[in-house]
Amino acid sequence: MSRKSKELAKLIRERAGEAPVRLGLVLGSGLGHLAEAGNGTAIAYEELDGFPHAGVSGHNPKLVIAELEGVRLAIFGGRAHYYESGRADAMRLPLEVLRELGADSVLLTNAAGSLRADFPPGRLMLLEDHINFAGINPLIGEASDRRFVPMTQAYDPEIRKALRAAAHEEGMVLREGVYAWFSGPSFETPAEIRAIRELGADAVGMSTVPEVILARFLGLRVGAISVITNMAAGMSDEPISHEQTKAMAPIGAEKLEKILRRYLRGL
Ligand code: HPA
């Protein structure tokens, strides 16, 4: 862990209290308001030297240390995307800090386009695996042999099982699928969407995958959920836009919050 992450963790503990954090929650586009849940200590990313600026609208760039359903969480109200800076490791420091605060796992959320007619907008998809279609890796340049991170079962089977059970208890079915990462920021072409559907993808988005790689590198267990905000390019007559993502995300966010709360109660 870097010296910087230790310093930041110290600062956060001074502000939010010494008790260790149990898990991290990274909020995706249009889901930032979940950072308001709980009665926590909020620290703007700007105050955390080296944290990303997370300038994408629909994000809420602050770290909130909060107790939710009796579990101490670090909620990241916004994330940095590769397309903002050209740096795939933009979320490395926040994840290092999370580890430093004591967490052993992280739940990642995102907004995504669906490649499947049976995953319409407003639904959630639990990630069972991913395809790194962007072809970029946040560990490029990492010097130690630790860079050769296994990505088999990167999405923790126990966390997935617990999230599915939590959804079931809330009367929902949380279907699993494969998420394909495109760099963005332009949306995909219909031909790209047809291609990755053939390759086995069920949803597409511009985030999460670099964080999964970094989290596994840091020894964090990972769970991830997509909020489906639109049908992917070429799959519906509706034009794709970031506005659509922001408008649809809150519908999925309500379901997400119920599942998360139930999951936390079971920890
Ligand atoms: N493509 C990529 N990223 C996305 C999409 C999409 O269709 N929807 C929300 N994020």
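When a ligand or atom number is given, it counts from 1 through the structure's own listing order.
Partners of Arg197 by side-chain hydrogen bond (donor to acceptor under 3.5 Å, both in side chains), not counting sequence neighbours: none found.
Between Lys258 and Glu254 there is no salt bridge, since no side-chain N of the basic residue sits under 4.0 Å from a carboxylate O of the acidic one.
In this structure, Arg146 is positioned above the aromatic face of Phe217, its NZ or CZ under 6.0 Å from the six-membered ring centre and within 45° of the axis. Both the sub-6.0 Å distance and the 45° axial angle are not jointly satisfied by Arg123 relative to the ring of Phe119.
Within 4.0 Å of ligand 1, the residues that place a heavy atom are Ala111, Ala112, Gly113, Phe187, Glu188, Val204, Gly205, Met206, Thr229, Asn230, Thr245, listed by chain and number.
Using a 30° and 60° split on the angle between ring planes, Phe76 and Phe51 fall in the parallel class, below 30°.
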Inset, instruction - Starting from the C-alpha separation in whole Å, work towards a yes-or-no answer on side chain to side chain contact (heavy atoms under 4.5 Å, CB included) for Asp49 and Glu7. - result: CA-CA 10 Å; Asp49 186 34; Glu7 283 168 11; over 6 Å; no
